[in-house]
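The structure appears right after this line, and notes come after that.
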Amino acid sequence: MSAIVKDIEALAQRIGRRLPPVETNFPLKVPAHFIERIATCDHDGLLAQVLPTAAENQTVPGFSADAVGDLNARPAPALLHKYHGRALVMLSPRCHIHCRFCFRRHFPYEQTLGQAAWQTTLDYLHRHEEIHEVILSGGDPLTLSEAQLTDRVRALEAIPHIQTLRIHSRSPIAAPALTPQGRFLHWARHSRLNKVLVVHCNHPDELSKETAEVLARWRQAGFTLLNQSVLLRGVNDQEATLEKLSHSLWAQGVLPYYLHLLDRVQGAAHFEVSASRGIALIQYLRQRLPGYLVPRLVREIANEPCKTPVEVI
Ligand code: SF4
């Protein structure tokens, strides 16, 4: 059994279902753990996140290749600097999973590769003393080898004004067995940096015994664990699903942080849920959950100085 499946026929065999072949410009990619979760759940909310559909090839007004203005916020090829005090480093162009709604599905990652791009990033971070937090993103930064990842974070730790390392990753949820747990966590235990891991989980059925184990190891290494979800039509746009997601995350030591309205990226329009529906869902969660288990409903708007809260009165 291969750890990652990259064609529809193989996915169909693994989950025991017929799946229609569809050509899109964003290839299918699903890791073994996520396939197991698809196969064991009784709905299509997980499969829909990874299965290419003909709807992706439709042109929909208002949906663009660069939905959140990443391309205009790059002082260096692998660096985004949008918000005060924080900068985002695209450490890897790869992910273990391809989410059909990904806001970076059209990003020109080839420009972020190589030693020159990394050195330009480090030079920028050294010069900008107001940056106190570095966010590792991609792609998925946890697709690097333990050795590469540890080398990169050591270089960031050596910049005196950086206080916090934040990692954005879907690996602990989608591919726990492929998530660094050895040398990198050893470094983390002894690092002077504040450490935050923001995972990406959209549905409670993505969580398992394996995700709990890997998340526990990261927590023991000193990481604060948060989750961000995307509100997706047909996946998690029901009250009971989001309520269970908050409970299930917390059972694994993860606090719900953001619930994002969909970034309006070309190919993902069929996943969009309206802001008014998002507000209604959050109002429901507020009545059912303690405040710390209610995620903040936000939208990212290009050129804004922060994520924009979607107001719930
Ligand atoms: S893991 Fe994140 S970056 Fe990778 S495809 Fe999914 S949403 Fe996009």
Would you call Arg104 and Glu300 a salt bridge, using N to O less than 4.0 angstrom? no
Looking only at heavy atoms, what is the nearest atom pair of Gly138 and Pro141, with distance? N-CD, 4.3 Å
Would a distance-only check, ignoring hydrogens and angles, find a side-chain to backbone donor-acceptor pair under 3.5 Å from Thr40 to Arg37? yes
Steps toward side-chain contact (heavy atoms from CB on, under 4.5 Å) verdict (Phe103, Arg264): CA-CA 7 Å; Phe103 69 113; Arg264 307 190 92 203; over 6 Å; no
Under 4.5 Å between side-chain heavy atoms, hopping through other hydrophobics if needed: is there a path connecting Phe63 to Val265? no
Greater than 12 external heavy atoms within 6.0 Å of Arg299's CZ: no
Nearest heavy-atom pair of Leu293 and Leu289: which atoms, and what distance? O-CD1, 3.6 Å
Between Asp44 and Leu47 (side chain of the first, backbone of the second, donor and acceptor by atom type, cut-off under 3.5 Å), is there such a pair? no
Does Glu206 reach the main-chain N or O of Leu46 with its side chain, forming a donor-acceptor pair under 3.5 Å? no
Separation between CD (Gln266) and CD (Gln58), nearest 0.5 Å, reads 12.0 Å
Please indicate whether Glu9 has more than 12 foreign heavy atoms, meaning atoms of other residues, nucleotides or ligands, lying under 6.0 Å from its CD. no
Would you say that Val254 contacts Trp250 through its side chain, given a criterion of any heavy-atom pair below 4.5 Å between the two side chains? no
Heavy-atom closest pair, residues Ser246 and Pro256: OG-CG, 3.5 Å
Could you give me the CA-CA distance, side-chain angles and deciding distance for Leu125 and Leu156, then say whether side-chain contact (heavy atoms from CB on, under 4.5 Å) is met? CA-CA 8 Å; Leu125 294 173; Leu156 295 171; 3.6 Å; yes
Please check if the side chain of Thr179 supplies one atom and the backbone of Ser171 the other of a donor-acceptor pair under 3.5 Å. yes
How far apart are the closest heavy atoms of Ile131 and Ala87, and which atoms are they? CD1-CB, 3.8 Å
Apply the test side-chain hydrogen bond (donor to acceptor under 3.5 Å, both in side chains) to residues Arg166 and His168: give CA-CA distance (whole Å), side-chain angles for both, the deciding distance (0.1 Å), then the verdict. CA-CA 7 Å; Arg166 186 186 345 160; His168 284 186; 3.2 Å; yes
When rounded to the nearest 0.5 Å, the distance separating CD1 of Ile4 from CZ of Arg94 is 9.0 Å
Keeping Glu146 on the side-chain end and Arg183 on the backbone end, is there a donor-acceptor pair under 3.5 Å? yes
Which distance, rounded to the nearest 0.5 Å, do you find between the OG of Ser208 and the CZ of Phe34? 11.0 Å
With a 4.5 Å cut-off on side-chain heavy atoms, are Leu11 and Leu19 touching? yes
Around Arg288, counting heavy atoms of other residues, nucleotides and ligands shown, do more than 12 lie under 6.0 Å from its CZ? no
So which heavy atom on Val273 is nearest to which on Leu261, and how close? O-CD2, 4.2 Å
Here the gap from Leu79 atom CG to Lys82 atom NZ, rounded to the nearest 0.5 Å, amounts to 12.0 Å
Keeping Asp140 on the side-chain end and Ser169 on the backbone end, is there a donor-acceptor pair under 3.5 Å? no
Taking NE2 in His126 as the centre, count heavy atoms belonging to other residues, nucleotides or ligands within less than 6.0 Å. Is the count above 12? yes
Please assess Ser191 against Glu157 for the test side-chain hydrogen bond (donor to acceptor under 3.5 Å, both in side chains), listing each intermediate value before the final yes or no. CA-CA 8 Å; Ser191 171; Glu157 189 182 33; 2.7 Å; yes
Ignoring hydrogens and geometry, is there a side-chain-to-backbone donor-acceptor pair from Arg219 to Gln252 under 3.5 Å? yes
For the residue pair His81 and Tyr124, is the inter-centroid distance of their aromatic rings smaller than 6.0 Å? yes
Give me the one residue out of Val199, Ile167, Leu91 that meets side-chain contact (heavy atoms from CB on, under 4.5 Å) with Leu142. Ile167
Distance col, row Leu297:CG vs Ser229:OG, nearest 0.5 angstrom, shows 11.0 Å
Is any side-chain heavy atom of Cys201 closer than 4.5 Å to one of Leu207? yes
If two hydrophobic side chains count as joined below 4.5 Å and joins carry through other members, does Ile173 share a cluster with Val196? yes
Does any N or O in the side chain of Arg86 come within less than 3.5 Å of the main-chain N or O of His84, such that one atom is a donor and the other an acceptor? yes
Hydrophobic cluster identity match, Leu259 and Val230, side-chain contacts under 4.5 Å: no
Measure from the ring center of His33 to the ring center of His96 and say whether it is less than 6.0 Å. no
Could you see if Leu144 belongs to whatever hydrophobic cluster contains Leu193? Use Ile, Leu, Val, Met, Phe, Trp, Tyr and a side-chain cutoff under 4.5 Å. yes
More than 12 heavy atoms of other residues, nucleotides or ligands under 6.0 Å from CD of Glu130: is that the case? yes
Restricting to non-hydrogen atoms, name the atom on Pro21 and the atom on Ile8 that form the minimum distance, rounded to 0.1 Å. CA-CD1, 4.0 Å
If only atom types and distance count, is the side chain of His203 paired as donor or acceptor with the main-chain N or O of Leu242 below 3.5 Å? no
Does Lys244 NZ have over 12 foreign heavy atoms under 6.0 Å away? no
Counting only N and O atoms by type, is there a donor-acceptor contact under 3.5 Å from the side chain of Arg74 to the main-chain atoms of Pro77? yes
Would a hydrophobic clustering, with Ile, Leu, Val, Met, Phe, Trp and Tyr connected at side-chain separations under 4.5 Å, put Leu215 with Tyr258? yes
Dump the intermediate steps for side-chain contact (heavy atoms from CB on, under 4.5 Å) on Val153 and Phe184, then the final yes or no. CA-CA 9 Å; Val153 293; Phe184 175 70; 3.7 Å; yes
Kindly determine whether Phe101 and Leu231 satisfy side-chain contact (heavy atoms from CB on, under 4.5 Å), including the steps that lead there. CA-CA 10 Å; Phe101 49 87; Leu231 183 57; over 6 Å; no
Just verifying a value: how many Å separate Leu136 CG and Ser92 OG, rounded to the nearest 0.5 Å? 11.0 Å
